Amino acid sequence: MEMSGVSAASGVPVIKLVEDPVEAVAAEPPWATKREKPRRCRQALLVIGLVTLPLVLFLVLGQESAATVWLQIATAKLTATNGRGFEDANHGHDDGAATGATAAANADELLGGLLAPGMDRGSCLSRYDSWRYYKHFPYAPSPHLLRRLRDYEARHRRCAPGTPLYAKAVEQLRSGRSADDTVECNYVVWLPFDGLGNRMLSMVSGFLYALLTDRVFLAALPPDSDDLFCEPFPGTTWRLPADDFPVAKLFGVGQHPDRSYSSLLDKKKIAVPEDDPAASNATAPVPPAYVYLSLGWLLTDRIFFCGEHQLAIKKVNWLLQYSDLYFAPSLYAVAEFQDELRRLFPAKESVSHLLTRYLLHPTNSVWGIVTTYYRSNLAPADRRIGVQIRMYGHSSIPADDMYNQILACSRQERILPAETDSGDGNNNGTTTTAILIASLYADYYKRLRSRYAARGAAVGVFQPTHEERQATESLVHNRKALAEIYLLSFSEELLTSGLSTFGYVASSLAGVRPAILLTAFDHKVPATPCRRAVSMEPCNLTPPRDVECRGEAVDKDDLARHVRVCEDWKDGVKFFD
Ligand code: GDP
């Protein structure tokens with residue numbers, strides 16, 4: 001992402017975040033519309049003005065005092081999740097996977113019931129195999145989450161493409177209006193937007209929303225993502241049959257679609273019950289059959305996160321979700337969802353960790369890449385450290401400075417081993433370490449490899465690929481990217497890049513609180529090289545602002561206890577405990 005501007009025509013200060021300029025030119029997805037700004041641009045409103053959404057209120061008021069609390073919690077909890085010594089490290093599994101004592105004790109192949117039994121193993125090996133590779137199992141799913149997931153799966157089977165209820169729902173969609181009465185099958189259709197990390201986070205968020213609202217989650221997968229993820233739900237499909245779907249524009253709708261929720265509200269095609277008393281009687285507008293939810297970085301439909309609008313949205317049978325964000329923390333600011341989220345996830349830090357492990361399983365073609373690479377390069381070591389370096393044009397600094405920042409972060413958080421046997425690093429003696437570098441470029445891999453050349457077999461440095469540019473439109477490229485996210489997630493310890501959803505997903509999957517490199521805004525090397533994350537949760541980079549909600553009041557104390565400013569982005573929020 002790149003920071004490339006601080007003002008807008010409206011006079012509202014804006015930060016634009018733009019990723020690698022090279023990629024910005026080269027990697028425009030084929031479905032992007034001309035109307036949309038280059039997708040590398042992301043903006044977050046800085047002026048809060050009349051903000052009244054409780055989430056943001058707490059974000060601002062609680063920021064200072066939060067810092068101390070974070071430090072305390074971080075110190076206490078890191079011991080629990082990341083502080084495992086080398087003795088935990090894997091010493092080999094039959095098939096070369098790294099299970100380790102902790103894994104064996106705390107996990108089973110269905111991840112404590114998180115995954116439903118009864119799926120065909122051969123069709124999705126990763127589903128049954130991944131537990132052998134993860135090093136951390138910090139959170140068991142709550143009984144309530146397990147119940148809700150099993151109920152969800154049963155509903156999905158009843159309503160999925162190919163069923164009579166799906167056919168009926170599509171007929172209703174063709175009619176142009178939502179059903180008058182309550183129907184069993186209502187849907188959230190996930191649409192692709194932005195890079196793989198963004199997509200995985202928006203999938204998890206959309207699935208959570210479907211879970212909270214008793215909807216069915218379907219994915220409209222473009223060719224570049226066709227063979228990345230297995231079917232997640234037993235005995236059914238999550239794939240939207242896009243060819244037969246009676247909505248013409250599924251891909252590249254952009255962030256201002258005509259039928260976004262807010263624009264339909266402006267056009268009075270939909271009504272909020274409390275705004276329009278007529279909405280509850282026969283003269284009220286009949287809710288349209290579908291609306292786009294424009295929940296990308298511009299957050300066009302930010303009112304989505306208000307309870308009163310949820311009442312209106314509830315009446316729409318089909319929701320088409322266009323988002324590149326992890327918006328789960330913003331759902332916690334909606335009173336109607338807060339209680340249920342508390343029951344589903346007693347530990348807020350576990351939301352993305354559990355849902356990503358539940359929902360997203362690499363297909364066999366990706367899993368083959370992952371396991372082959374792991375066994376050859378990473379499994380033999382006692383300990384694995386993942387280092388993810390994402391570079392953005394807006395925050396570019398000379399490579400020497402960046403390298404020094406990585407080393408300074410490592411010293412601060414005691415991550416990488418010492419350069420020499422006699423050094424003061426945290427990994428002396430007889431343990432062997434594999435350092436996995438994930439980056440589009442080879443530079444830092446080469447530097448670290450020569451740094452550790454003198455350590456011989458004690459420290460290995462590996463980089464599976466260096467693709468040089470983002471190519472989201474390519475399935476082959478995305479397979480490699482997904483494989484690297486999973487390889488990172490099999491690390492005992494992670495050092496990731498700020499603002500990167502790629503790194504966020506790897507950390508959540510790993511169950512690790514990473515050390516997050518701070519971004520060099522304005523091309524200035526940050527004084528603090530990195531911060532240890534207070535939770536493994538992804539940052540919600542664009543939470544709703546400038547919204548006045550009128551719905552039921554949320555429990556603000558609880559909100560303040562569990563949603564805080566991100567370590568790497570002061571305008572973002574994340575879950576923590
Ligand atoms: P973000 O831009 O860092 O938030 O992450 P995204 O995953 O949404 O988009 C970046 C995309 O660039 C990835 O999906 C990949 O296509 C590519 N990419 C970035 N870093 C890496 C990397 O370390 N390895 C590989 N293979 N691809 C990468």
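As the structure lists them, so they are numbered: ligands from 1, and atoms in each ligand from 1. For clarity, every value in this text was computed on a predicted model and none was experimentally measured.
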So, for Arg384 and Lys135, which heavy atoms are closest and what is the spacing to 0.1 Å? NE-CE, 3.5 Å

Any donor-acceptor pair under 3.5 Å linking the side-chain atoms of Glu484 with those of Thr465? yes

One finds that the ligand 1 atoms under 4.0 Å from a non-hydrogen atom of His477 are 15 (C), 16 (O), 17 (C)

Are the aromatic ring centres of Tyr486 and Tyr374 under 6.0 angstrom apart? no

On a heavy-atom basis, the closest approach of Ile406 and Leu495 is O-CD1, 4.2 Å

Report yes if some N/O of Thr501 lies less than 3.5 Å from some N/O of ligand 1; otherwise report no. yes

Between Ser500 and ligand 1, which part of the residue brings a heavy atom under 4.0 Å of the ligand: side chain, backbone, both or neither? both

Give the atom numbers and elements of ligand 1 that come within less than 4.0 Å of a heavy atom of Thr465. 26 (N)

Quick check: Ala471 and ligand 1, any N/O pair under 3.5 Å apart? no

Is NZ or CZ of Arg215 both nearer than 6.0 Å to the six-membered ring centre of Tyr187 and within 45° of the ring axis? no

Should one rank Arg390, Glu468, Gln388, Lys480 by closest heavy-atom distance to atom 3 (O) of ligand 1, which comes out on top? Arg390

Output yes when the distance from some N or O of ligand 1 to some N or O of Thr472 is under 3.5 Å, and no in every other case. no

Does either side chain, that of Ser294 or that of Asp301, offer a donor lying less than 3.5 Å from an acceptor on the other one? no

In Trp190, Tyr292, Tyr209, the residue satisfying side-chain contact (heavy atoms from CB on, under 4.5 Å) with Leu319 is Tyr209

Heavy-atom contacts with Ala438 under 4.0 Å: which atoms of ligand 1 show up? List them by number with element. 23 (O)

Can you name the atoms of ligand 1, numbered from 1 with element, that are less than 4.0 Å from a heavy atom of Leu196? 6 (P), 7 (O), 8 (O), 14 (O)

Test your reading of the structure: does Asp194 have an N or O sitting under 3.5 Å from an N or O of ligand 1? no

Partner of Lys574 by salt bridge (charged side-chain N to carboxylate O under 4.0 Å, His left out), out of Glu537, Glu567, Glu349: Glu567

Only heavy atoms of Leu440, strictly under 4.0 Å: list the atoms of ligand 1 that pass. 17 (C), 18 (N), 19 (C), 20 (N), 21 (C), 23 (O), 27 (N), 28 (C)

Examine Asn478 against ligand 1 and note whether any of their N/O atoms are separated by less than 3.5 Å. no

Is NZ or CZ of Arg357 both nearer than 6.0 Å to the six-membered ring centre of Tyr134 and within 45° of the ring axis? yes

With heavy atoms under 4.0 Å as the rule, classify the contact between Arg199 and ligand 1 as side chain, backbone, both or neither. neither

